[in-house]
Amino acid sequence: MFALIDCNNFYVSCERIFNPLLEGVPVIVLSNNDGCIISRSNEAKALGLKMGEPIFKRKDLIAQHNVKVFSSNYTLYGDISHRVMSTLRDFSPFIEIYSIDEAFIDLKGIYTDFTVYGQNIKRTIQKDIGMPTGIGIAPTKSLAKIANRIAKKRNGVFTIETEIQRLWALANTPVEDIWGVGRRYSTLLKKNGVNTALDFTNLSTDWIRKHMTVQGHRLKEELRGRSCIELETVMQPKKNIASTRAFGKKLSDIELIKESVSWHATNCAAKLRKQKSAARFVTIFIHTDPFSETEKYVSRSITVTLPVASNSDSVLTKAAIAGLKKIFIPALLYKKAGVIVSEICPENAIQQNLFEYYDNNKLNSVSKVTDFLNTKYGKSTVTLAVQGNSRDWKPKQEKVSPAYTTRWDEIIEVRNL
């Protein structure tokens, strides 16, 4: 049996943990640069606010119903996510962190009433962290996904154990809500009279293999109760790592854009070190505002090949700045920049260059000290000088909440009213 634990309206729930006055009122959280809605409370959903909707289009509705609006606070959300995942390890040593607010756990070796066990998980996370969750339990990961969807509409926990429960759950799951069935496949399936998950399991294997490859066949078997998708308890190293961000305002000054690109390069380098990898290709891109009605849209990018794969802040930043200088066009107003690193390999298996010598040990020593200080004293405590300290390129975060759990100067205050 597998359990899927999914946090409810995660970003909004994180805000509510430290601000009980938000309970029962409509709340939304915005994307980077305070652009679009990316998390909604149930009350905000009831008002008709949609995921991905630009905030400026709904200002009147937000003001009319006094909707509480927050900028993204990823430092807070990441810490709360870590607490949830750590708590789940008390219930099973076999855990797959699927996303920031979602995880599978394997319940093998646990012989108990699974619904009661799920209720205990839900109650513990609510009590210890303050995070509401939905929990679906089933013999396969795909069925656990369906059980989780049903759980959120019922009492927060739903278990599929019997054949009657499985058939009922499949019959009440629209085909577009099946895990792994995207818009293209759901359109194809509906054209062929497949409207529910139960209809999908009744399709012939030959038809599914022809139109949806072996992945579709594996999904069918999962929905029929045969586990085909294993738990991925070990995080796989990423094949590409990106750091991108829209500017808080349009920029034409290359020095300010250079600060942004340098920040993205060091961010990528830190992520590489975290997964003990190094990268050989550094891609830099910049573009103007794609939604502007008065300015021509221009997007440019370039890939710089390093002589030797690296995860050093200085090496990746130097390459990124060199690339930026080649693609930068003066007089344009740029809206976004980013860095992507690829051709990733393990840091202990770097192919050396016959004609150039790089002292990787020296570079790694500097980076490790930087990581240690930034972990102990806070992000960006130690930076490269080229990263500067200007806020002109940084995204708008006009409604960001305090970093309650990671900064002493922003710790929650308790007042006697």
Side-chain angles (χ1 to χ4, degrees), residues 1-18 20 22-24 27 39-43 45-46 77 79-173 177-179 197 222-223 225 227 229-233 405:
M1 298 289 280
F2 297 91
L4 173 64
I5 297 86
D6 186 12
C7 300
N8 300 342
N9 308 322
F10 181 64
Y11 293 167
V12 167
S13 295
C14 287
E15 300 290 349
R16 283 176 165 172
I17 290 173
F18 299 95
L22 298 176
E23 291 289 347
V27 183
S39 184
R40 307 161 293 161
S41 67
N42 291 333
E43 296 82 3
K45 295 175 184 177
Y77 307 156
D79 187 62
I80 298 299
S81 173
H82 175 71
R83 296 181 185 206
V84 171
M85 303 308 168
S86 296
T87 301
L88 289 178
R89 296 185 194 280
D90 293 337
F91 293 92
S92 174
F94 311 105
I95 178 172
E96 175 188 336
I97 300 175
Y98 188 65
S99 67
I100 191 172
D101 63 343
E102 202 172 356
F104 289 98
I105 61 173
D106 193 334
L107 301 179
K108 64 184 176 184
I110 296 172
Y111 303 99
T112 184
D113 184 315
F114 288 114
T115 299
V116 173
Y117 199 72
Q119 290 169 343
N120 188 23
I121 296 173
K122 178 179 175 65
R123 186 167 49 250
T124 302
I125 294 174
Q126 180 70 58
K127 176 178 176 291
D128 293 356
I129 303 169
M131 177 62 61
T133 56
I135 300 176
I137 301 174
T140 73
K141 290 171 70 177
S142 298
L143 283 174
K145 269 279 192 180
I146 289 177
N148 181 272
R149 176 180 171 275
I150 296 171
K152 291 194 172 185
K153 297 181 179 180
R154 295 164 74 93
N155 297 320
V157 178
F158 186 78
T159 302
I160 298 175
E161 285 188 272
T162 67
E163 183 66 3
I164 292 176
Q165 289 171 330
R166 184 184 72 84
L167 294 175
W168 179 87
L170 295 180
N172 285 275
T173 301
D177 289 339
I178 301 174
W179 186 35
E222 282 262 321
L223 295 179
S227 181
I229 304 175
E230 296 181 357
L231 208 69
E232 296 181 10
T233 55
T405 62

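Side chain of E222 to main chain of S227: no donor-acceptor pair is present (N/O by atom type, distance under 3.5 Å, no hydrogens or angles). Without hydrogens or angle criteria, Y117 side chain to F91 main chain gives a donor-acceptor distance under 3.5 Å.
For M131 against S13, the heavy-atom pair with the smallest separation is SD-CB, 3.5 Å. The two atoms that bring A144 and A138 nearest to each other are N-CB, 3.5 Å, heavy atoms only.
Between I105 and F94 there is no side-chain heavy-atom pair separated by less than 4.5 Å. For the pair L88 and I121, the minimum side-chain heavy-atom distance is below 4.5 Å. The shortest side-chain heavy-atom distance between E102 and K145 falls under the 4.5 Å cut-off. Residues S81 and D101 have side chains not in contact (no heavy-atom distance under 4.5 Å, counting atoms from C-beta outward). Between N148 and I137 there is no side-chain heavy-atom pair separated by less than 4.5 Å.
Ion pair D6/K152 flagged as a salt bridge, since at least one NZ, NE, NH1 or NH2 atom sits closer than 4.0 Å to an Asp/Glu carboxylate oxygen. We find that R16 and E43 are joined by a salt bridge, their nearest charged nitrogen and carboxylate oxygen being less than 4.0 Å apart.
Remark: K141 fails to qualify as a cation-pi partner of F2 under the 6.0 Å distance and 45° angle criteria applied to the six-membered ring.
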Next item on the list: Go through the steps to decide whether D106 and S92 satisfy the test side chain to side chain donor-acceptor pair (under 3.5 Å), and finish with yes or no.
Entry: CA-CA 7 Å; D106 193 334; S92 174; over 6 Å; no
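Between T87 atom OG1 and R89 atom CZ the span is 10.5 Å, to the nearest 0.5 Å.
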